[in-house]
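Below, chain A is the first sequence line, B the second, and so on; all start at residue 1. Computed over heavy atoms, backbone and side chain alike; hydrogens, waters and symmetry mates excluded.
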Amino acid sequence: MSQAIETFYDVMRRQGITRRSFMKYCSLTAAALGLGPAFVPKIAEAMGTKPRTPVIWVHGLECTCCSESFIRSAHPLAKDVVLSMISLDYDDTLMAAAGHQAEAALMDTIEKYKGNYILAVEGNPPLNEDGMYCIIGGKPFVEQLKMAAEHAKAIISWGACASYGCVQAASPNPTRATPVHKVILDKPIIKVPGCPPIAEVMTGVITYMLTFDRLPELDRQGRPLMFYSQRIHDKCYRRPHFDAGQFVEHWDDENARKGYCLYKMGCKGPTTYNACSTVRWNEGTSFPIQSGHGCIGCSEDGFWDQGGFYNRLHTINQFGIEANADQIGTVAAGVVGTSVAAHAAISALKRAQKKSQDKAQVAQSKSENTGA
Amino acid sequence: MATQTTNPPPTPPSAVRQTSVYVYEAPVRLWHWVNALAIVTLMVTGYFIGTPPVVGTGEAYNHFFFGYIRFTHFSAAMILTVAFAGRMYWAVVGNHHAKQLFVLPLWRAQWWREIFTEIRWYLFLESKPKKYHGHNPLAQLAMFMFITLGTLWMIVTGWALYAEGAGEGSWPDFFFGWLRGYVHNSQTIHTLHHLGMWWIVIFMIIHIYVAIREDIMSRQSIVSTMISGHRTFKDDDPD
């Protein structure tokens with residue numbers, strides 16, 4: 001800790017960013033994080049005086065879509081600032097160094113900033129066969145993850161992979177791909193799910209943590225509330241059609257052309273927590289529902305194992321056939337209804353039989369009486 | 001039909017008319033019918049929420065059809081919840097029949113034996129049913145499994161779903177949002193809520209059938225008891 005660590009502001013100035021642009025960045029960040037204008041000078045001060053927090057970015061089983069999303073952050077400053085800070089330390093996809101050099105850089109950063117760095121994890125470790133399904137620098141990724149996590153201040157789980165497992169953890173999960181929070185149990189973990197997460201959400205979370213030196217407020221599942229407290233459905237611009245009862249019923253019908261609600265097409269907006277309908281994608285250009293396709297719920301736990309992307313309910317396979325709750329319920333109610341009808345018929349027959357028997361008995365005793 | 005008698009037991013069975021027994025107190029009966037109405041409303045609106053009917057075209061602000069369906073569903077759910085809370089309270093302060101839905105006498109060997117007696121009765125293997133003031137043991141078990149647990153299930157899953165719209169920090173979220181901490185994907189909660197609905201549909205079919213059947217074939221009144229509160233008996237033979 002002997003050498004002075006430069007501040008964010010230093011890094012920005014070094015990159016040729018003016019004070020004016022820096023202040024713009026601060027106010028935009030405050031707005032993105034849902035903070036009032038009073039926080040703008042606080043952000044500016046924090047970024048101008050605090051030594052920057054180094055970030056180590058490791059990659060397990062993943063497709064790099066998180067990184068791809070991240071480097072496309074709509075706000076160029078956010079990208080420049082955060083990205084330059086990260087690539088300075090360790091990110092095996094983006095850094096210039098390779099091979100032994102890269103691994104040395106990782107060890108260097110861990111050693112130098114013990115207990116101070118943030119560990120960002122993209123992808124997850126497979127645990128089967130001692131983690132042999134994902135090898136980084138000659139060793140299983142799970143070992144690198146544990147080593148890097150040991151001295152981390154906090155961990156960010158980027159994307160659906162690190163947060164929940166995503167496609168490599170989909171049933172039957174042959175490599176036993178396991179989300180980060182089930183491997184690292186003793187560190188604060190913040191989940192930023194999505195496949196990938198929205199770029200502005202990613203830079204926003206990092207900026208918040210670097211600026212305020214703490215985790216943002218999290219929900220019950222460990223996701224930052226400022227981006228994941230509402231469902232896509234809650235802020236969807238097609239919501240009025242939902243309340244009105246105007247739904248698309250086929251992909252090529254008139255209602256689809258009119259941009260009605262995609263609820264009946266299995267849009268997962270009502271069950272998905274994310275900021276797509278407010279922040280949108282690619283510099284706020286669009287998001288899946290706006291382009292006419294329902295949400296597939298990529299930022300939800302186990303989204304590959306929920307049956308089809310076009311259903312409202314799960315597929316339940318316990319009965320040996322593919323069915324959903326309503327089909328099972330209909331069959332069960334049908335069986336019970338039929339049994340009840342049959343039971344009623346038998347009851348009526350039995351009763352009629354008993355009555356005629358009783359009648360016969362009475363008649364018999366009558367005739368016996370008269371006979372005697 | 002019941003007439004008072006001064007004859008002390010034991011007397012020849014045929015010479016005695018048994019008095020009626022007051023079984024279901026007014027709050028229990030009120031709950032039964034409010035609950036029945038709420039459940040039917042919830043089923044119909046719930047079906048339409050899962051499979052929405054489509055209204056005409058035109059400006060969205062001219063319609064609030066699906067909104068009304070959901071509003072009705074939520075209102076009925078709130079009535080059902082409050083009624084259930086009231087019913088639980090009455091189980092504490094009411095007569096011992098009011099406790100039957102909440103406490104099963106699992107420790108009584110006779111109760112278990114009579115469950116099988118009842119099963120044999122429904123399989124046409126018993127020629128004569130037993131007499132009960134309250135629920136027979138099989139009915140009590142079914143009520144507990146389907147209505148007590150089923151309603152609780154629907155209240156918890158339903159409010160957890162409602163909490164999603166009410167939002168983080170709202171009181172539905174405070175009381176029921178914890179479910180989403182355990183069941184992460186809310187589509188799973190939707191699925192569980194649908195399964196719970198069918199669980200109660202199955203109960204309804206059986207319940208209505210058996211109530212009418214017992215009214216005709218058993219030795220006591222059933223349907224009228226839930227209206228008047230009095231159980232009357234068709235014969236005075238011993239149990």
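A donor-acceptor contact closer than 3.5 angstrom links the side chains of B:Y209 and A:H343.
Residue contact with chain A, scored on non-hydrogen atoms closer than 4.5 Å, is absent for B:I189. The contact between A:R239 and chain B is made entirely by side chain atoms (from C-beta outward), counting heavy-atom distances below 4.5 Å. Using a 4.5 Å cut-off between heavy atoms, B:Y47 makes no contact with chain A at all. Residue contact with chain B, scored on non-hydrogen atoms closer than 4.5 Å, involves the backbone and the side chain of A:D326 alike. For a residue to count as touching a neighbouring chain, one of its non-hydrogen atoms must lie under 4.5 Å from one of that chain's; by this rule A:N311 touches chain B with the backbone only. Of the two parts of B:V54, the backbone and the side chain both hold a non-hydrogen atom closer than 4.5 Å to a non-hydrogen atom of chain A. With a threshold of 4.5 angstrom between heavy atoms, B:I208 does not approach chain A through any atom at all.
The OH atom of B:Y61 lies 16.0 Å from the CG atom of A:D243; values are rounded to the nearest 0.5 Å. To the nearest 0.5 Å, atoms OG1 (A:T272) and CD (B:E164) are separated by 9.5 Å. The CD atom of B:E59 sits 8.0 Å away from atom NE2 of A:H241, with the distance rounded to the nearest 0.5 Å. Distance check: B:I49 CD1 to A:Y263 OH gives 7.0 Å after rounding to the nearest 0.5 Å. Between the OG1 atom of A:T271 and the NE2 atom of B:H190 there is a distance of 6.0 Å, given to the nearest 0.5 Å. Between the CZ atom of A:F242 and the CZ atom of B:R70 there is a distance of 4.0 Å, given to the nearest 0.5 Å.
Chain B forms more heavy-atom pairs under 4.5 Å with one residue of A:A333, A:P270, A:A341 than with any other, namely A:A333. Chain A forms the most heavy-atom pairs under 4.5 Å with one residue out of B:L192, B:V201, B:I216, B:N185, and that residue is B:N185. Annotation: maximal heavy-atom pairing with chain B below 4.5 Å, among A:Q230, A:K354, A:H233, A:K268, occurs at A:K268.
Around CH2 of B:W153, the count of heavy atoms belonging to other residues, nucleotides or ligands within 6.0 Å does not exceed 12. Sparse packing is recorded around CD of A:E217, with 12 or fewer heavy atoms of other residues, nucleotides or ligands lying under 6.0 Å away.
Nearest heavy atoms, A:G337 versus B:I205: CA-CG2, 4.0 Å. The nearest pair of heavy atoms linking A:A325 to B:H194 is CB-CB, 3.8 Å. Minimum heavy-atom separation, B:A60 to A:A244: O-CB, 3.5 Å.
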Mind running side-chain contact (heavy atoms from CB on, under 4.5 Å) on B:W198 and A:Q327 for me, showing each step along the way? CA-CA 10 Å; B:W198 289 107; A:Q327 289 160 339; over 6 Å; no
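Within the 3.5 Å criterion, the main-chain N or O of A:E300 finds no donor-acceptor partner in the side chain of B:Q187. A distance-only check finds a donor-acceptor pair linking the side chain of A:K264 to the backbone of B:P52 [under 3.5 Å].
Contact check for A:Q221 versus B:Y182: no side-chain heavy atoms found under the 4.5 Å cut-off. In this structure, the side chains of B:T188 and A:Q306 come closer than 4.5 Å at one or more pairs of heavy atoms. A heavy-atom distance below 4.5 Å is found between the side chains of A:V336 and B:I206. Contact check for A:R220 versus B:E168: side-chain heavy atoms found under the 4.5 Å cut-off. Inter-residue side-chain proximity for B:F124 and A:S347 is flagged as met; some heavy-atom pair is nearer than 4.5 Å.
The existence of a salt bridge linking B:R180 and A:D301 is excluded, since no basic side-chain nitrogen approaches an acidic carboxylate oxygen closer than 4.0 Å.
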